Amino acid sequence: MRELMEKIREEGEAISDHVLKVDRFLNHQVDPELMMRIGENFADAFRNERITKVLTLESSGISPALMTAYILKVPLLFARKRKSLTLQNDLYTANVYSFTKQEYTEISVSRSFLQKDDRVLIIDDFLANGQAALGLTGIVQQAEAEVAGIGIVIEKAFQDGGEQLRRLGFRVVSLARITSLKEGVQFAEEVMCQ
């Protein structure tokens with residue numbers, strides 16, 4: 001997605017060799033027009049997969065996941081990072097390590113929203129070490145549902161998450177693949193890597 005890569009070049013900030021800050025358009029302030037086009041790209045990529053639900057992790061994945069679900073005309077479900085009074089029992093859970101925050105978080109989804117016959121598209125903003133995506137795939141598998149694919153807005157191809165997920169047999173579609181943050185943002189040539 002050339003538009004996404006241009007946005008990353010213009011408004012993204014590599015604050016270390018491993019951290020890309022994109023809070024101007026993706027995960028703090030959101031560019032709704034760009035999110036709609038991201039949703040269209042994911043919907044096109046997975047249109048033939050008979051998706052019944054889109055699943056993401058709160059909160060940064062919600063914008064691209066919502067647009068994707070809207071276009072596919074299926075519900076959006078997001079895993080919660082915090083317990084609430086209304087979400088206490090009868091949950092699918094997974095522990096996810098955040099390298100950015102340097103901590104484990106238990107994520108959860110109500111069992112009432114995932115069934116055996118669901119074909120789930122997982123959407124997330126970033127893929128680095130793959131921990132969030134693996135946690136979400138674990139939740140889908142606990143429900144005995146099927147992971148129909150994984151859509152990633154920005155993949156850090158210099159980290160092993162994408163390779164690990166693909167080795168496990170998941171179809172991963174990344175809209176922008178970053179190969180390095182050492183001297184500014186460097187992109188892989190291919191777009192919509194599968």
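Start at 1 with the first residue, then count along the sequence. These numbers were taken from a predicted model, which means no experiment stands behind them.
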Next on the checklist: Taking atom CZ as the centre, does R119 end up with more than 12 heavy-atom neighbours from other residues, nucleotides or ligands that are less than 6.0 angstrom away?
Outcome noted: yes
Next on the checklist: Just verifying a value: how many Å separate S174 OG and D124 CG, rounded to the nearest 0.5 Å?
Outcome noted: 11.0 Å
Checklist entry - Taking C-beta and beyond as the side chain, do F42 and V54 meet within less than 4.5 Å on heavy atoms? => result no
Checklist outcome for this item: Output for pair (L66 CG, F78 CZ), nearest 0.5 Å, gives 10.0 Å
Next on the checklist: When you compare the side chain of L134 with that of L168, does any pair of heavy atoms fall below 4.5 Å?
Outcome noted: yes
Next on the checklist: Any non-hydrogen side-chain atom of L181 less than 4.5 Å from a side-chain atom of V19?
Outcome noted: no
Next on the checklist: Around atom CD of E33, are there more than 12 heavy atoms from other residues, nucleotides or ligands closer than 6.0 Å?
Outcome noted: no
Item to check | From CA spacing to verdict: side-chain contact (heavy atoms from CB on, under 4.5 Å), I152, L175 | outcome: CA-CA 6 Å; I152 302 296; L175 300 183; over 6 Å; no
Item to check | Those residues that, when tested against Q141, pass side-chain hydrogen bond (donor to acceptor under 3.5 Å, both in side chains) (two or more places apart) | outcome: none
Checklist outcome for this item: Separation between CG (L114) and CG (L77), nearest 0.5 Å, reads 5.5 Å
Item to check | Contact check, side chains of V74 and K53, non-hydrogen atoms, under 4.5 Å | outcome: no
Checklist outcome for this item: Rounding to 0.5 Å, atoms CD (E40) and CZ (R47) come to a distance of 9.0 Å
Next on the checklist: For T68 and F46: C-alpha separation, side-chain torsions, deciding distance, then whether side-chain contact (heavy atoms from CB on, under 4.5 Å) applies.
Outcome noted: CA-CA 10 Å; T68 305; F46 293 101; over 6 Å; no
Checklist entry - Is the shortest side-chain N to carboxylate O distance from E58 to R80 below 4.0 Å? => result no
Checklist entry - Do I38 and M67 come close enough that some side-chain heavy atom pair is under 4.5 Å? => result no
Next on the checklist: Between E144 and K116 (salt bridge meaning N to carboxylate O under 4.0 Å), is one present in this structure?
Outcome noted: yes
Item to check | Atom OH of Y97 with >12 non-hydrogen neighbours under 6.0 angstrom | outcome: yes
Item to check | Atom pair CZ/CD of R24 and E10 - distance to nearest 0.5 Å | outcome: 11.5 Å
Item to check | Considering all heavy atoms, the nearest I8-A176 contact | outcome: CD1-CB, 4.0 Å
Next on the checklist: Could you check whether E163 pairs with R167 (Lys NZ or Arg NE/NH1/NH2 to Asp/Glu carboxylate O, under 4.0 Å)?
Outcome noted: yes
Next on the checklist: Name the residue from I150, I139, L57, L165 that meets the side-chain contact (heavy atoms from CB on, under 4.5 Å) definition with I122.
Outcome noted: I150
Item to check | Inter-residue atom distance N27.CG - F126.CZ, 0.5 Å rounding | outcome: 6.0 Å
Checklist entry - Taking all non-hydrogen atoms of both residues, which atom of P75 and which atom of T52 are closest, and how far apart? => result CD-O, 3.3 Å
Next on the checklist: Tell me the closest heavy-atom pair linking Q164 and N129, and the distance in Å.
Outcome noted: OE1-O, 3.6 Å
Next on the checklist: As a quick check of understanding, evaluate side-chain contact (heavy atoms from CB on, under 4.5 Å) for L26 and L34, giving each step before the final call.
Outcome noted: CA-CA 9 Å; L26 180 60; L34 178 62; over 6 Å; no
Checklist entry - With a 4.5 Å heavy-atom cut-off, do L127 and R177 have their side chains touching? => result no
Checklist entry - Any sub-3.5 Å donor-acceptor pair from K81's side-chain atoms to T105's backbone N or O? => result no
Checklist entry - Do I107 and L136 come within less than 4.5 Å of each other through their side chains, counting heavy atoms only? => result yes
Checklist entry - Between L76 and A69, which heavy-atom pair has the shortest distance, and what is it? => result CB-CB, 4.0 Å
Item to check | Donor-acceptor under 3.5 Å (Q142 side chain, T93 main chain) | outcome: yes
Checklist entry - Given D31 and K7, is the side-chain contact (heavy atoms from CB on, under 4.5 Å) satisfied, shown in steps? => result CA-CA 10 Å; D31 179 334; K7 197 82 157 168; 3.0 Å; yes
Checklist entry - What pair of heavy atoms forms the shortest contact from L4 to F25, and how long is it? => result CD1-CE1, 4.1 Å
Item to check | Atom OH of Y70: over 12 foreign heavy atoms under 6.0 Å | outcome: no
Checklist outcome for this item: In short, A128 meets Q159 closest at the heavy-atom pair CB-OE1, 3.3 Å
Item to check | Lys/Arg-Asp/Glu bridge criterion (N-O < 4.0 Å) met for E6, R37 | outcome: no
Next on the checklist: Keeping D118 on the side-chain end and Q115 on the backbone end, is there a donor-acceptor pair under 3.5 Å?
Outcome noted: yes
Next on the checklist: Is the shortest side-chain heavy-atom distance between V30 and M35 below 4.5 Å?
Outcome noted: yes
